[in-house]
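Step one of this worksheet: look at the structure below.
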Amino acid sequence: MTDAPTKLLATAADWADRLGELTAAERTALLAWLTEDETHVAAFDAMRRLLGDVALVEATAPMPLAAATVRPPRRRWRREDRPAPRAARWGSRVAVATVLTLALPLGWRVATAPAPAIERHVYASGIGARRQLALPDGSRMTLDAASRVAVAFGGDARALDLSRGAARFKVHHDPARPFTVTTADARVTALGTVFAVDRAAGGSSVRVFRGRVRLEVPGTIPAALAAGGWATVRDGHVRLRRFDPARDHGWDSYWLEADDIRLDVALAQLSRYAPHSIRLADARLAAEPVTGRFRRDAPRRSAAQIGALFDLALVERDGTLWLERRRAGAATR
């Protein structure tokens, strides 16, 4: 027998043991690991249940012979029942995995038979093209242009990873299965909600149109956002503001409602609708605030209008649209 099943179960046990304390980056890594192979999903589901069985954990732990004759009443396993450091617990997890591998000669998949399957999908949209989608749980998602979301829905969780672009969600209420959207910067958990998450220009933003969400950013205190709440996250820092949900419909129209947003963020959003990316020649202008209404479906014209606010000309060069300082006598192209 090879060590492959044991190693796989030990890895799954480690993920399952730390599930409640994972950072946003670690949750993204877990989602990627789960989507690699069906066996990862089965092992993870198995270990979440089997590591919750205190009798099994005790049976694999070394103990004096006399002590083995007396077992405390069986009860549900809780984190506070295990004060040992993680390094010490690793040995127990490997022991559990080894016992399971040896005890199931017909395959460790037998242990996972009652576990509900995790349904996985990847949704993407092209440049200039939005998508209206029904998710497996009955929720609705509007995917902005040039965006990508990976979805993993199981029996007790609904996990989505927004790796590019933006999406708006109308969440089907299901308290038993939290609906969580993760980006590289933050994790957003819906509490019966319509909300939008945007990844652009090195940061993330969240706007709540109805209901509430919980925003978690590593190194900060979790924040609750109600309808009209707007949070931007950049370099681990959170900025909380307000917006008018009645005015900003979140891509129900093709207007970009810019209300004191960063210049680089505005250009990144317009780039989703342009055949060429729109960039700043002078990166020092990236954080300059932009306010106004601009057509997303006319990105070149909108970029020129934004550039005019800063006395910048729109120039096409090497397949990229650049906003750069005007030269004497130069005209916008």
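Hydrogens, waters and symmetry mates are skipped; everything else that's a heavy atom, side chains included, is used.
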- Task: Kindly compute the distance separating NE2 (His172) from CZ (Arg140), expressed to the nearest 0.5 Å.
- Result: 13.0 Å

- Message: Any non-hydrogen side-chain atom of Asp144 less than 4.5 Å from a side-chain atom of Arg296?
- Response: yes

- Task: Establish whether Val188 and Leu225 are linked, either directly or via other cluster members, by ILVMFWY side-chain heavy-atom contacts under 4.5 Å.
- Result: yes

- Taking all heavy atoms of Pro245 and all of Val208, pick out the closest pair and write down the distance. CG-O, 4.3 Å

- Note on the structure: Minimal heavy-atom distance between Asp185 and Gly202, with the atoms involved, is OD1-O, 4.3 Å

- Task: Carefully, step by step, assess Met141 and Arg131 under the rule side-chain contact (heavy atoms from CB on, under 4.5 Å).
- Result: CA-CA 8 Å; Met141 177 173 68; Arg131 295 183 65 186; over 6 Å; no

- Message: Measuring centre to centre across the rings, with the benzene-like ring taken for any Trp, is Phe209 within less than 6.0 Å of Phe243?
- Response: yes

- dist Leu314:CG -> Arg326:CZ (nearest 0.5 Å) comes out at 9.5 Å

- Task: Please report the C-alpha distance between Leu160 and Phe179 in whole Å, then the side-chain angles of each, then the deciding distance to 0.1 Å, and finally whether the side-chain contact (heavy atoms from CB on, under 4.5 Å) criterion is met.
- Result: CA-CA 8 Å; Leu160 301 90; Phe179 187 102; 3.5 Å; yes

- Derivation of the side-chain hydrogen bond (donor to acceptor under 3.5 Å, both in side chains) call for Ser139 and Asp137: CA-CA 6 Å; Ser139 297; Asp137 68 329; 2.8 Å; yes

Below 3.5 Å, can you tabulate the donor-acceptor pairs from side chains in residues 275-293 to any protein atom, sequence neighbours excluded?
from, atom 1, to, atom 2, distance (Å)
His276, ND1, Gly319, O, 3.2
Asp282, OD1, Arg284, N, 3.0
Asp282, OD1, Arg284, NE, 3.0
Asp282, OD2, Arg284, NH2, 3.2
Thr291, OG1, Asp260, N, 3.0
Arg293, NE, Glu257, OE1, 3.3
Arg293, NE, Glu257, OE2, 3.0
Arg293, NH2, Glu257, OE2, 3.4

- What's the shortest heavy-atom distance between Ala303 and Leu323, and which atoms? O-CD2, 3.7 Å

- Query: Asp174 and Arg158: side-chain contact (heavy atoms from CB on, under 4.5 Å), yes or no, with the steps?
  - Reply: CA-CA 10 Å; Asp174 185 353; Arg158 295 172 288 174; 3.6 Å; yes

- What's the spacing between Leu135 CG and Glu119 CD if we round to 0.5 Å? 10.0 Å

- Message: Testing the basics here: between Val217 and Gly236, what is the closest heavy-atom pair and its distance to 0.1 Å?
- Response: CG1-O, 4.0 Å

- Message: Can you tell me how far apart CG (Asp297) and CG (Leu256) are? Round to the nearest 0.5 Å.
- Response: 11.0 Å

- Item | Reported CZ-to-CG distance for the pair Arg301 and Leu270, which is rounded to 0.5 angstrom | 11.0 Å

- In terms of heavy-atom contacts, Ala274 and Ile127 come closest through O-CG2, 3.2 Å

- Under a 4.5 Å side-chain heavy-atom rule over Ile, Leu, Val, Met, Phe, Trp and Tyr, are Leu321 and Leu309 clustered together? yes

- Query: Is the backbone of Gly154 close enough, under 3.5 Å, to the side chain of Arg177 for a donor and an acceptor to pair up by distance?
  - Reply: yes

- Query: At what distance, to the nearest 0.5 angstrom, does CZ of Arg164 lie from CZ of Arg272?
  - Reply: 10.0 Å

- Query: Between Leu143 and Val122, is there a shared hydrophobic cluster once you connect ILVMFWY residues whose side-chain heavy atoms come closer than 4.5 Å?
  - Reply: no

- Query: If two hydrophobic side chains count as joined below 4.5 Å and joins carry through other members, does Phe310 share a cluster with Trp322?
  - Reply: no

- Message: Is the shortest side-chain heavy-atom distance between Leu312 and Glu324 below 4.5 Å?
- Response: no

- Task: Would you verify whether the NZ or CZ of Arg295 falls within 45 degrees of the ring axis of Trp255 while also being under 6.0 Å from that six-membered ring's centre?
- Result: yes

Under 3.5 Å, which donor-acceptor pairs link side chains of residues 189-197 to any protein atom two or more places apart or in another chain?
from, atom 1, to, atom 2, distance (Å)
Thr189, OG1, Thr180, OG1, 3.4
Thr193, OG1, Leu191, N, 3.0
Thr193, OG1, Arg212, O, 2.5

- Query: Are Arg168 and Arg207 close enough that some pair of their side-chain heavy atoms sits under 4.5 Å apart?
  - Reply: no

- Query: What are the two closest heavy atoms between Ala146 and Ser125, and how far apart are they?
  - Reply: N-OG, 3.2 Å

- Task: Please list all pairs passing the side chain to side chain donor-acceptor pair (under 3.5 Å) test where one or both residues lie in residues 217-238, with sequence neighbours left out.
- Result: none

- Donor-acceptor contact below 3.5 Å, side chain Ser147 vs main chain Ala166: yes

